Structure formats: structure tokens, C-alpha cells
Asker: 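What follows is a structure written as C-alpha cells; I'll ask about it next.
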Amino acid sequence: MSNDQIPGYTMGEDSVQEAPIGMDEFDQLKQTVMFTEEDEEHLQEAGDILGPQGGEILDVWYGFVGDHDFLVYYFSQPDGEPIDGYLDRVRDRFVQWVRDTCDTPYDEAWLDYQFEIARRHHRTKKNQADDVDAVPNIDLRYVIAFIYPITATIRDFLDDGDHSAEEVDAMYHAWFKSVTLQVALWSYPYAEEDW
């Protein structure tokens, strides 16, 4: 599926606002999570393995969300009733996010889009991409806590490739660093500017 066929996927489009931090500050954040050029290479290798498995990866993640009413809540109307089709509409973007996570180096368009993703989790723009009337905000604590399941479950998918245990470990740690980096960026709209 090409990017222009994914509803609501707007990376690189003029509608995406410029990131509130520059590439120098982004580089400092990468250094903080120990993200290196080697990690970029490992993520590109991971992309070759994970890209074709996007649907299966999302099945695992959606199964996890579906097993927890307090997570399904974020795809529900304010009265708690899940919105039919909302998770389905988000799915293709989520698969593309896996690809985008592995597609390095991370440039300005990628950085800008991370803040778009952030706003889509936050009351700033939640629900707008899919034109739904779901709860207006995903609590930051769940965005942060989701780092672990999205990281822990990826290792089995990396093991399906034709790589040594050492290579799988390197790809896994590169993924973990990237997800942590992205969630750090996604936290931006949740904090006051002077914080």
C-alpha cells in the first residue's frame, strides 16, 4: 500500500507543522538515548524483516489493546462505547509507523511528523485525522507505558529473519532506542512550554 492510500497519513505534506525543535536539539535527544549511525543501519535491516510482517505485528498489538478495556477506552465515545471502525482506520497508519521507524536517517520531515503524531494523541488534534468523536485525549502515562509492549513484542518478529542472535539483539536495541526517542518527542504537547 502506498503512502497516498493510507487515510490520514500526511508525512512530508505541507499540512504538517514544522517541529518546535530544530535538528540540533533533536541530535542532542538522539545522543541522550545513545542512538547512533549503527542504530540507523540496524533499523534499516529490521525494516526488511518487519515491513512484510506489518499486519501480523498489528494483530499482536491490537490483541493487547483489545484485552484491556482501559486501553480500548481511547478508541471509544466519551460514554465508553467503542467506535466501530476506529481501530481499523488507524491500523494502516500504525503499520506505516513501523516502516517509518525503520526508515532512517531521520530527516526534518520525519521530525515534523513526530510532532503531528504527538498532537494526534493529545487533545490538540486527537480524532481529527479520522473524524471521530472519541475521548479527546490519550493520557501521557499510557503513551509512555506502551514503550514496553511495543518493544518487547517486536523481538519475536525480528527472530523470523535470517540473522544471528547478535544481529537480532542489535536490531532490537535500535528499535527500543527509536521508540523511546519518539515517545520523548510525543510528550511535547503534554508539557507547558517553560517546563
Side-chain angles (χ1 to χ4, degrees), residues 3-30 32-33 35 58 61-62 64-66 68-104 106-151 175 177-195:
N3 294 355
D4 60 347
Q5 295 174 321
I6 300 173
Y9 181 74
T10 58
M11 186 190 289
E13 294 184 9
D14 292 340
S15 63
V16 177
Q17 295 174 311
E18 188 175 307
I21 66 170
M23 293 302 284
D24 288 344
E25 190 173 346
F26 178 48
D27 186 57
Q28 292 171 351
L29 195 55
K30 286 195 287 188
T32 303
V33 297
F35 188 85
L58 264 290
W61 292 345
Y62 272 35
F64 177 75
V65 170
H68 298 86
D69 290 343
F70 59 89
L71 296 176
V72 174
Y73 167 77
Y74 294 105
F75 297 91
S76 302
Q77 298 171 25
D79 66 4
E81 182 68 28
I83 298 173
D84 290 338
Y86 188 14
L87 278 167
D88 291 337
R89 288 194 293 275
V90 173
R91 187 179 175 94
D92 289 337
R93 286 198 307 275
F94 213 164
V95 170
Q96 184 60 43
W97 174 82
V98 171
R99 292 186 198 104
D100 291 344
T101 295
C102 296
D103 187 17
T104 63
Y106 298 151
D107 60 11
E108 289 182 19
W110 184 92
L111 180 61
D112 293 345
Y113 200 61
Q114 296 314 301
F115 286 94
E116 177 68 12
I117 292 171
R119 288 185 289 272
R120 290 179 182 190
H121 285 81
H122 182 262
R123 68 186 72 256
T124 312
K125 288 186 83 171
K126 183 163 183 309
N127 301 329
Q128 292 180 22
D130 298 295
D131 193 28
V132 293
D133 185 27
V135 296
N137 190 64
I138 298 177
D139 294 328
L140 180 59
R141 62 185 174 272
Y142 291 111
V143 176
I144 293 170
F146 219 67
I147 291 172
Y148 184 76
I150 282 190
T151 299
W175 174 271
K177 291 176 189 181
S178 178
V179 170
T180 302
L181 177 67
Q182 290 177 70
V183 171
L185 296 170
W186 297 349
S187 71
Y188 193 89
Y190 290 89
E192 296 292 336
E193 184 69 31
D194 59 349
W195 292 359

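Throughout, numbering of the chain's residues begins at 1 and tracks the sequence. Keep in mind that what you see is a predicted model, and the values were worked out from it rather than measured.
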Asker: When the aromatic ring centroids of Tyr74 and Tyr86 are compared, is their separation below 6.0 Å?
Answerer: no
Asker: Indicate whether the side chain of Gln96 and that of Arg99 have a donor and an acceptor atom separated by less than 3.5 Å.
Answerer: yes
Asker: What I'd like to find out is whether the side chain of His122 reaches to under 4.5 Å of the side chain of Ile138, using heavy atoms alone.
Answerer: no
Asker: Can you find a heavy atom in the side chain of Ser187 that is under 4.5 Å from one in the side chain of Ile144?
Answerer: no
Asker: What about the rings of Tyr73 and Tyr142, do their centers lie closer together than 6.0 Å?
Answerer: no
Asker: Determine whether Ile83 and Arg89 satisfy the following criterion, side-chain contact (heavy atoms from CB on, under 4.5 Å), listing intermediate values before the conclusion.
Answerer: CA-CA 11 Å; Ile83 298 173; Arg89 288 194 293 275; 4.3 Å; yes
Asker: Within the structure provided, determine whether Trp175 and Ile150 are in side-chain contact (heavy-atom separation under 4.5 Å).
Answerer: yes
Asker: Yes or no on side-chain contact (heavy atoms from CB on, under 4.5 Å) for Val33 and Leu29, after CA distance, side-chain angles and deciding distance?
Answerer: CA-CA 7 Å; Val33 297; Leu29 195 55; 5.6 Å; no
Asker: Looking at every non-hydrogen atom in both residues, tell me the closest pair between Pro78 and Ala134 and how far apart they are.
Answerer: CD-C, 4.3 Å
Asker: Between Tyr190 and Asn137, is any pair of side-chain heavy atoms under 4.5 Å apart?
Answerer: yes
Asker: Are there more than 12 heavy atoms of other residues, nucleotides or ligands under 6.0 Å from atom CG of Asp79?
Answerer: yes
Asker: Taking the side chain as every heavy atom from C-beta outward, state whether Phe75 and Asp130 have any atom pair closer than 4.5 Å.
Answerer: no
Asker: Nearest 0.5 Å, please: how far is SG in Cys102 from CH2 in Trp97?
Answerer: 8.5 Å
Asker: Looking at every non-hydrogen atom in both residues, tell me the closest pair between Ala19 and Asp112 and how far apart they are.
Answerer: N-OD1, 2.7 Å
Asker: Count the heavy atoms of every other residue, nucleotide or ligand shown that sit under 6.0 Å from CD of Gln77, and state whether that count exceeds 12.
Answerer: yes
Asker: In the structure I gave you, are the side-chain heavy atoms of Phe64 and Leu71 within less than 4.5 Å of one another anywhere?
Answerer: yes
Asker: Testing the basics here: between Leu185 and Trp110, what is the closest heavy-atom pair and its distance to 0.1 Å?
Answerer: CD1-CZ3, 4.2 Å
Asker: Does some side-chain heavy atom of Phe26 sit less than 4.5 Å from a side-chain heavy atom of Gln28?
Answerer: no
Asker: Please report the closest heavy-atom contact between Thr10 and Arg120, naming both atoms and the distance.
Answerer: OG1-NH2, 3.3 Å
Asker: For the atom pair CG (Leu58) and CZ (Arg91), what is the distance rounded to the nearest 0.5 Å?
Answerer: 4.5 Å
Asker: State the CH2-CD1 distance between Trp186 and Ile147, to the nearest 0.5 angstrom.
Answerer: 9.0 Å
Asker: Would you confirm whether Asp107, through its side chain, and Ala109, through its main-chain N or O, come within 3.5 Å as a donor-acceptor pair?
Answerer: yes
Asker: Any side-chain donor paired with an acceptor under 3.5 Å for Arg119 and Gln128?
Answerer: no
Asker: Measuring from atom CG of Asp133 to atom CD of Glu81, what distance do you get when rounded to the nearest 0.5 angstrom?
Answerer: 12.5 Å
Asker: Please report whether the ring centroid of Tyr113 lies less than 6.0 Å from that of Tyr9.
Answerer: yes
Asker: Might you point out which heavy atoms bring Glu116 and Lys125 nearest each other, and give the distance in Å?
Answerer: OE2-NZ, 2.9 Å
Asker: Would you indicate whether the side-chain heavy atoms of Phe115 and Ile21 approach each other to under 4.5 Å?
Answerer: yes
Asker: Any chance you could lay out the side-chain contact (heavy atoms from CB on, under 4.5 Å) test for Phe94 and Leu87, step after step, and finish with the verdict?
Answerer: CA-CA 10 Å; Phe94 213 164; Leu87 278 167; over 6 Å; no
Asker: Within this structure, what is the NZ-OG1 distance for the pair Lys177 and Thr151, rounded to the nearest 0.5 Å?
Answerer: 12.5 Å
Asker: Given His121 and Lys126, is the side-chain contact (heavy atoms from CB on, under 4.5 Å) satisfied, shown in steps?
Answerer: CA-CA 5 Å; His121 285 81; Lys126 183 163 183 309; over 6 Å; no
